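One structure is given here, and the rest of the page talks about it.
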Amino acid sequence: MASGLETFIVQTLNGLQFGFVLFLVASGLTVILGILDVLNLAHGELFAFGAYVSVGVFGYITGAIAIPAGGGIVTNVVFVLAILAAIVVTGLVLVPVGVIFESVFIRPIYERDQVYQLVLTFALLLIILDVTKFIWGDVPIRTDSVYSGINQIPTSEFLGINFPTYNVFAILLGAVVVGGLFYFFERTKTGRIIRATAINREMATAIGVSTDRVFTLVFALGAFLAGIAGAVRVPPTAATLDMGTNPLVLSFVVIVIGGLGSLRGAFVGAVAVGVLRSWMITFYPPGEVAAPFAIMAVILLVKPEGLFGTWGETA
Amino acid sequence: MSPGLVDRDGETHVRVIQGLVLSKRRFAGLLLGVVFLFAVPDLVRVAQALDISFFQLGVIHRGLVFGFAAVGLNLLLRHTELVSFGHAAFFGTGAYTAAVTAVYLDVTSLLILLLLATAIGTVMAGIIGALSLRHTGLYFALLTLAFGQLLYAIALGQSALGGSDGMPVRPGEANEPLLLGQSLGDAYGIILYYITAIIVLVGLLVMWRIVNSPFRYALDAIGQDRTRAEFIGLPVRRYVWVAFVISGVYGGVAGGLFAVFRQYVTPAGTLYFLQSGDILYMAILGGFKTLLGPLVGGVLLVVLEFVGRSVTPYFEFLTGAVLVILVFGFPEGIVGSIGEDGVFRRALARGKRGAADLRENPSVAGDWARRIGGGLRRQIDESLTTLRVIVFGVS
């Protein structure tokens with residue numbers, strides 16, 4: 001296999017992995033935007049907060065069980081399951097944060113000018129930023145044992161490609177969450193209620209849906225997804241205070257590309273942005289930052305409503 | 001129509017210029033404000049003698065510069081009801097234009113630097129406006145933020161612009177911009193402050209003209225109902241774009257002033273989206289329904305920041321908390337709250353009425369207590385229901 005092709009495949013997979021993380025952040029943001037009509041500027045900080053929480057959870061779990069060292073299928077499986085559990089726990093920790101956000105801060109001002117909602121989420125962004133700084137300090141923290149532990153398990157070596165197992169794991173996990181999310185919105189009753197609320201809030205109220213509960217649920221879901229995204233992102237990199245900004249802004253780009261409130265659009269947009277960004281890093285580094293915005297500008301000029309229009313009728 | 005005293009509805013008003021007629025009290029306030037603005041460098045010396053640390057020329061100057069940008073942002077916010085979350089883009093463009101022309105073209109004239117900063121900032125506003133104004137509402141906020149972050153990322157990535165370290169604005173042999181070919185030396189800071197004060201006054205006057213023109217009513221109509229505005233024949237997109245560009249001009253001027261005042265620009269200090277948030281914050285803090293509010297908010301926020309940073313490392317939390325209180329308690333901002341029907345006046349009037357009632361019939365105190373108790377109980381009941389709904393799914 002030519003090494004150029006291998007680089008291409010590896011970079012595409014890397015991009016896919018980042019795309020999935022981006023989707024987890026952007027999907028929460030886009031659903032909140034589509035249903036509550038609130039642009040949650042603090043969403044990136046929820047992601048960062050999740051990353052910090054996950055470091056603690058990972059540390060607790062890797063301290064409690066054996067780290068794979070090249071052998072033993074049982075050890076490997078147990079380790080992967082433990083990491084999965086840790087990621088889910090991180091998401092669950094974020095749920096009450098999202099609930100408090102919505103029910104205490106944002107609910108009283110739905111009727112007010114949009115500028116107040118924006119300013120309020122901006123205030124919450126600042127507050128979470130400093131709470132994180134207060135709890136974990138101003139230095140980057142990492143969990144190397146998780147990353148190196150999972151990489152001990154061989155996967156891509158079977159195909160003759162040198163690709164970290166953690167990234168395979170992250171891609172698979174991302175695919176499962178994406179599938180689950182689409183299943184939730186397409187097939188389950190709660191998902192349909194949420195979509196119905198998105199299409200017509202008053203009609204939903206008239207047939208007995210408590211919009212307050214739907215709003216809280218949506219916010220909790222968004223926080224959960226952001227927490228998972230943070231936990232998945234941490235092992236190969238590190239948890240830093242400013243890590244929330246980039247995913248937030250790229251999520252905006254994703255939402256513009258995919259269309260406001262469209263889950264499918266968010267998925268296509270996130271993968272496109274992730275893969276393109278990854279190619280740019282290898283083949284044309286200066287374009288890394290500008291490329292996603294370039295797609296965004298093109299979409300704005302050609303199809304201002306985004307690739308998949310508005311959300312509700314289909315997920 | 002020359003300046004002087006005029007009679008309006010039996011009360012004496014003061015005409016400052018044609019069209020600007022103020023009541024005596026407001027004219028006194030205006031006069032006081034202008035005098036204060038120009039007396040700051042002298043007051044600073046008094047403050048130093050009294051050991052008041054926050055009242056420094058640099059702090060007030062910085063507040064004026066950011067507040068000026070907020071005055072521009074306010075045109076959009078107040079009339080078209082569009083929330084721009086990327087105003088740092090024009091501010092930063094102006095600042096970086098001044099820095100680049102000073103460093104690479106070796107332009108030493110202060111006025112040319114400011115002029116170029118304004119021009120390029122305006123062009124940038126034109127481009128970003130043309131792209132972002134295809135949408136309204138939150139979508140518009142999101143787009144302006146994204147474009148602002150793009151500029152930030154570009155400035156961060158270009159080594160020619162100094163990357164995250166930024167670049168100095170120290171052209172020529174004097175190591176500072178020259179005013180009309182003269183090196184200002186030690187007086188640089190003070191003279192620049194006076195220049196800023198004059199620009200701020202002129203800018204406010206221009207903004208006052210704009211918000212008292214038919215153009216403003218067109219913007220109001222667009223802000224209230226776009227479709228209707230289109231139907232009565234207003235060129236909605238062009239007008240909104242013009243308003244956006246005007247607000248960008250203010251951002252560009254402020255950015256240029258910031259560059260020559262700090263003599264150093266960094267991406268984080270000028271282009272980062274937290275700066276956009278701060279500029280919006282200033283407008284809300286001062287009161288975005290008023291003309292002067294954003295400027296007052298700018299100075300106050302910068303002073304607050306200066307004091308806050310010396311007290312606690314968790315300064316962002318402090319600003320965030322103030323912002324939350326502001327949103328819930330004083331949505332009209334400071335200038336809006338002390339106005340004729342602001343929160344304070346209304347509270348005062350209520351207090352006066354209550355005192356009169358109490359004098360007449362002391363038993364109303366019991367009613368009040370019952371009412372407060374009932375309200376409190378209702379609040380607690382509601383929160384408990386919410387809690388039950390969240391925890392158990394049912395009430």
Side-chain angles (χ1 to χ4, degrees), chain A residues 29 33 37-39 41 96 99-100 103-105 107-109 112-120 122-131 133-134 138 210 212-213 216-217 220 242 245-246 248-253 255-256 260 285-286 288-290 292-294 296-297 300-301 304-306, chain B residues 77 81-83 85 130-132 134-135 137-143 145-154 156-158 268 272-274 276-278 280-281 283-285 288 312-328 331 383 386-387 389-391 393-395:
Chain A
L29 199 63
L33 187 59
D37 224 8
V38 169
L39 181 62
L41 292 172
V99 168
I100 292 171
S103 57
V104 175
F105 291 105
R107 187 174 300 169
I109 58 165
R112 300 252 294 271
D113 276 352
Q114 268 174 348
V115 60
Y116 292 114
Q117 293 155 19
L118 265 176
V119 166
L120 187 73
F122 180 65
L124 293 174
L125 179 158
L126 295 177
I127 289 174
I128 300 184
L129 193 67
D130 262 2
V131 168
K133 191 165 142 191
F134 178 73
D138 205 354
S210 160
D212 276 357
R213 271 175 71 187
T216 311
L217 180 70
D242 59 352
T245 313
N246 207 12
L248 179 75
V249 176
L250 283 180
S251 293
F252 291 172
V253 173
I255 291 176
V256 175
L260 172 76
E288 182 208 334
V289 177
F293 293 96
M296 182 176 90
L300 273 176
L301 292 173
E305 71 277 13
Chain B
L77 197 58
E81 302 207 350
L82 287 169
V83 189
F85 217 96
L131 284 169
S132 319
R134 290 169 166 264
H135 288 285
L138 290 173
Y139 226 58
F140 170 78
L142 173 160
L143 281 171
L145 202 164
F147 282 119
Q149 276 302 99
L150 173 63
L151 292 186
Y152 168 71
I154 289 174
L156 206 59
Q158 296 293 324
Y272 198 44
F273 84 108
L274 289 183
S276 297
D278 273 352
L280 184 62
Y281 182 176
I284 304 284
L285 177 67
F288 73 97
T312 165
Y314 302 106
F315 167 73
E316 309 286 1
F317 186 90
L318 195 71
T319 32
V322 171
L323 206 46
V324 169
I325 294 170
L326 207 62
V327 167
F328 286 112
S383 353
T386 313
L387 198 66
V389 166
I390 290 166
V391 176
V394 287
S395 174

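Residue numbers begin at 1 in each chain, while the letters A, B, ... track the order of the sequences. Keep in mind that what you see is a predicted model, and the values were worked out from it rather than measured. Hydrogens, waters and symmetry mates are skipped; everything else that's a heavy atom, side chains included, is used.
Annotation: side chain of A/Y116 is not in contact with side chain of A/V119 (no heavy-atom distance under 4.5 Å).
Applying the ring-ring contact (aromatic ring centres under 6.0 Å, His included) rule to A/F134 yields the partners B/Y314; only residues at least two apart in sequence or on another chain are considered. In this view, B/F147 satisfies the ring-ring contact (aromatic ring centres under 6.0 Å, His included) rule with no residue, not counting sequence neighbours.
Both the backbone and the side chain of A/D37 come within contact range of chain B, each with at least one heavy atom under 4.5 Å from a heavy atom of that chain. With a 4.5 angstrom heavy-atom cutoff, A/I128 does not touch chain B via any of its atoms. Only the side chain of A/F293 comes within contact range of chain B, with heavy atoms under 4.5 Å apart. The part of A/L125 that comes within reach of chain B is its side chain, from C-beta onward, which places non-hydrogen atoms under 4.5 angstrom from that chain. For chain B, the nearby part of A/I109 is the side chain; its heavy atoms alone come within less than 4.5 Å. For A/L250, no part sits under 4.5 Å from any heavy atom of chain B, backbone or side chain. For B/L150, the parts lying near chain A are the backbone and the side chain together; criterion is any non-hydrogen pair under 4.5 Å.
Interatomic distance, CG of B/L318 versus CG of A/D130, reported as 9.0 Å (0.5 Å rounding).
With chain A as partner, the option from B/T319, B/L280, B/V327 having the largest number of non-hydrogen pairs under 4.5 angstrom is B/V327. Most heavy-atom pairs under 4.5 Å with chain A, from the set B/L131, B/L82, B/L143: that is B/L143. The residue among B/L274, B/L323, B/L142 with the most heavy atom pairs within less than 4.5 Å of chain A is B/L142.
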Take A/V38 and A/L120 through the side-chain contact (heavy atoms from CB on, under 4.5 Å) test and state the conclusion after the steps. CA-CA 10 Å; A/V38 169; A/L120 187 73; over 6 Å; no
Please assess A/L39 against B/L145 for the test side-chain contact (heavy atoms from CB on, under 4.5 Å), listing each intermediate value before the final yes or no. CA-CA 11 Å; A/L39 181 62; B/L145 202 164; 5.8 Å; no
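Ring geometry for B/Y272 versus B/Y152: interplanar angle of 30 to 60°, hence tilted.
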